[in-house]
2 protein chains.
Amino acid sequence: MNLRELSEKLGLSQTTVSRALNGFPEVSERTRKRVLEAAERYNYRPNTRAQSLATGRARAIGHVITLDTSHEMMNPIFGDFIAGAGSVYAGAGYEMILSVVRAEEELDAYQDMASRRSVDGIIVHGPRVGDPRPELLDRIRLPFVVHGRVPGYDGPYSWLDINNRRAFRRGTEFLIELGHRRIALLNGLENLDFALRRRAGYESALDAAGIPVDTGLLGSGEMTETHGYLGLRRMLDRPDPPTAVLCASMLQAIGARRALDDAGLRMGRDVSIVIHDDMLSYLRNGDALPLFTALRSSVRKAGERCAEILLEKIATGDQTPTRELWESELMLGRSTARAPHLLDTER
Amino acid sequence: MNLRELSEKLGLSQTTVSRALNGFPEVSERTRKRVLEAAERYNYRPNTRAQSLATGRARAIGHVITLDTSHEMMNPIFGDFIAGAGSVYAGAGYEMILSVVRAEEELDAYQDMASRRSVDGIIVHGPRVGDPRPELLDRIRLPFVVHGRVPGYDGPYSWLDINNRRAFRRGTEFLIELGHRRIALLNGLENLDFALRRRAGYESALDAAGIPVDTGLLGSGEMTETHGYLGLRRMLDRPDPPTAVLCASMLQAIGARRALDDAGLRMGRDVSIVIHDDMLSYLRNGDALPLFTALRSSVRKAGERCAEILLEKIATGDQTPTRELWESELMLGRSTARAPHLLDTER
DNA sequence: CAAACCGTCCAAAGCGCTTTGGGGTTGAGT
DNA sequence: ACTCAACCCCAAAGCGCTTTGGACGGTTTG
């Protein structure tokens with residue numbers, strides 16, 4: 001069933017049917033009702049491709065997922081972010097177009113979406129140092145919202161980020177208050193913006209407390225269980241191991257916990273762990289009493305909000321950037337305790 | 001830059017330019033070369049919407065992701081499956097359209113994709129008991145491939161599945177050979193087809209060995225760390241706890257391991273664990289020596305293959321169903337050992 | 001009572017592509 | 001010299017929608 005057929009059934013012109021369906025005022029309520037009922041009955045829905053060809057708007061948003069050539073990692077937060085963004089698109093009648101490409105084809109994928117007119121806007125994932133994407137998107141005039149911030153790019157772009165620096169500063173301070181002085185950081189890949197900020201927050205808290213940064217306690221890698229395990233194990237093998245660890249993600253923390261178990265150490269009592277919890281749906285950090293003490297912020301909500309911001313930008317055509325910085329919430333869990341040497345003294 | 005502009009620049013008709021770009025034989029090699037070079041220079045790419053309006057083919061594949069209303073779980077395997085499918089689409093010049101909807105809007109989402117002509121085919125995720133989707137898709141004549149199989153549906157549809165039954169039978173047999181008799185199953189949600197088959201495989205191995213099924217050793221729930229933890233903890237609290245556990249996923253196994261740690265038990269020595277490993281990129285089960293003994297099969301590869309099958313179906317218009325049943329590979333890891341009572345005797 | 005106006009509807013153009021159905025131009029064959 | 005493929009190319013229709021610029025009665029206004 002297409003518009004022509006529907007209008008013939010109704011004995012109306014395509015124009016009138018189209019206007020009735022799209023809520024234009026120049027059609028009487030009686031006819032509109034008749035049209036809507038017929039559309040319902042015949043299960044008519046406008047052909048999106050024809051619609052977007054006629055209007056010039058695709059009513060679709062693009063997400064480009066880049067697979068690192070070496071390990072082809074899928075970011076674990078991706079699913080929940082997409083779930084958030086996707087439900088907003090669905091509610092607004094937009095489609096989500098996903099493009100999965102290898103790193104070297106990344107820029108071309110954006111170009112493609114733009115020049116083929118298949119999307120009206122784009123969400124930029126995982127901004128990194130020297131990221132060429134914002135500049136490209138600005139140049140080809142494709143509206144976009146960055147999930148995170150682009151280090152070194154000072155164009156007037158829209159973004160939504162969590163305050164990674166403050167979160168990790170807060171987490172580190174919390175551990176320092178508990179008496180820890182040998183505090184490790186298992187960070188994300190440090191070519192990514194969020195990881196750099198987390199590192200900065202961690203270092204600034206140590207600085208403020210007069211604790212020197214020990215590069216032996218710094219680890220950086222992908223958000224995997226394996227990396228958490230290997231990272232902490234390496235540190236525990238050192239002569240002066242950490243008594244506390246900040247983990248960039250729950251997966252890493254799970255790996256770190258395994259390293260503790262292997263070493264016969266008990267999480268909390270022997271080594272404290274603070275994590276950043278993205279509240280992934282398949283990795284719940286306990287409900288009433290969290291397993292890990294965590295700085296948490298929902299990546300699902302971030303996906304929703306990024307989508308909202310982008311849709312609004314597209315709808316209004318407004319050029320002024322929207323920026324949101326969300327604070328993570330500190331949740332006390334069972335993975336942190338006073339530093340072991342203090343407990344010894346107190347005992 | 002559109003086709004008209006490009007053809008004007010070249011002094012050719014739109015027809016010729018179109019044919020040159022699409023590799024039709026009735027254009028001389030010299031002109032084709034000229035056209036391709038100009039297209040490259042002006043960075044011309046055909047407008048997808050116009051293209052699909054003209055051809056009647058959308059060159060897009062739909063994936064509908066259903067968010068359970070209660071907990072809104074995102075399936076952890078989703079990311080890697082999508083990565084696999086997505087790279088195949090990208091290679092074939094297809095778009096991937098993702099629709100994230102609440103359960104009650106699911107069928108409507110499929111209807112929508114079909115009648116709006118926004119996709120040429122669909123991948124069906126997570127088939128379950130009494131699944132209405134294959135029938136609907138058959139009725140509206142939208143080609144589809146099911147990842148898994150649809151219990152109780154005997155239409156001639158295409159699917160790709162792993163041999164869940166045999167995998168879990170094999171895993172259970174392996175544990176029985178090690179002397180275990182109290183073997184628990186931490187399964188997925190048992191309204192889903194794959195979980196039913198795994199349960200059947202587990203039970204058939206027990207039957208064959210003359211071991212009665214103890215419902216106290218059966219757990220079923222989502223693929224989360226929490227469910228693995230709670231499930232095993234409950235079993236360990238029983239008077240006659242299991243000495244071995246089969247886990248439907250690595251996340252559950254990680255939770256199960258935590259339950260063991262809490263109970264002061266050692267994985268492998270006290271309680272053996274066998275998992276099904278989907279080889280998720282962010283949950284690697286060790287490389288040379290796996291942490292968990294596992295039946296493994298790459299969900300990424302499954303995504304690739306599902307996409308290939310669907311694209312082929314669409315290209316050829318072939319109605320005969322394609323079906324593939326993949327066997328999981330048994331990988332020995334460090335999570336399994338002979339049953340404790342045997343070790344005692346041998347000692 | 002004519003003019004202006006309003007509410008309701010329509011014919012037709014146009015979005016950017018593909019595809020049908022030819023139409024010139026060559027060069028070989030007769 | 002003429003025919004006839006073969007080869008290249010083109011004009012125009014059509015995909016299903018939106019949107020412009022009226023048309024057509026009926027009502028209100030000066």
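What you see below is based on every heavy atom in this structure, not just the backbone, and it leaves out hydrogens, waters and symmetry mates. Here is how names work: the chains are called A, B, and so on, in the same order as the sequence lines, proteins then strands, and each is numbered from 1. All of these numbers come straight from a predicted model, not from anything done at the bench.
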(Q) In whole Å, I'd like the distance from the CZ atom of B:R116 to the P atom of D:dC17. (A) 10 Å
Q.
If I take atom CZ in residue B:R49 and atom P in nucleotide D:dT18, what distance separates them, rounded to the nearest angstrom?
A. 14 Å
**Q.** Side-chain N,O (A:Y44) to OP1/OP2 (D:dG16) below 4.0 Å
**A.** no
Q: Check the distance between D:dG16's C1' and B:R117's CZ and give it to me in whole angstrom.
A: 11 Å
Q. Between C:dC17 atom P and B:R45 atom CZ, what is the distance in whole Å?
A. 13 Å
**Q.** Interatomic distance, B:Q51 CD vs C:dT19 C1' [rounded to whole Å]
**A.** 13 Å
Q: Let me know the distance between CG of A:L3 and P of D:dT19, rounded to the nearest Å.
A: 13 Å
(Q) Between A:H63 and A:Y89, is the ring pair (Phe, Tyr, Trp, His ring centres under 6.0 Å) condition met? List the steps. (A) CA-CA 12 Å; A:H63 289 245; A:Y89 298 148; 5.7 Å; yes
Q) Rounding to a whole Å, what distance do you find between A:N47:CG and D:dG16:C1'? A) 6 Å
Q. So, is B:S18 near the phosphate of C:dC17, with a side-chain N or O under 4.0 Å from OP1 or OP2?
A. no
Q: Could you verify whether a donor N or O on one side chain and an acceptor N or O on the other, from A:E95 and B:S118, lie under 3.5 Å apart?
A: yes
Q. Does NZ or CZ of A:R323 come closer than 6.0 Å to the centre of the six-membered ring of A:Y157, within 45° of the ring's axis?
A. yes
Q) In whole angstrom, what separates B:L21's CG from C:dG16's P? A) 16 Å
Q) Counting only heavy atoms not in B:E135, do more than 12 sit closer than 6.0 Å to its CD atom? A) no
**Q.** Residues B:S52 and B:T55: side-chain donor-acceptor under 3.5 angstrom
**A.** no
Q. Less than 4.5 Å apart, any side-chain heavy atom of A:L21 and any of A:R32?
A. no
(Q) Base contacts versus sugar-phosphate-only contacts with protein, heavy atoms under 4.0 Å: please encode nucleotides 8-15 of chain D as B, S and - from 5' to 3'. (A) BBBBB-BB
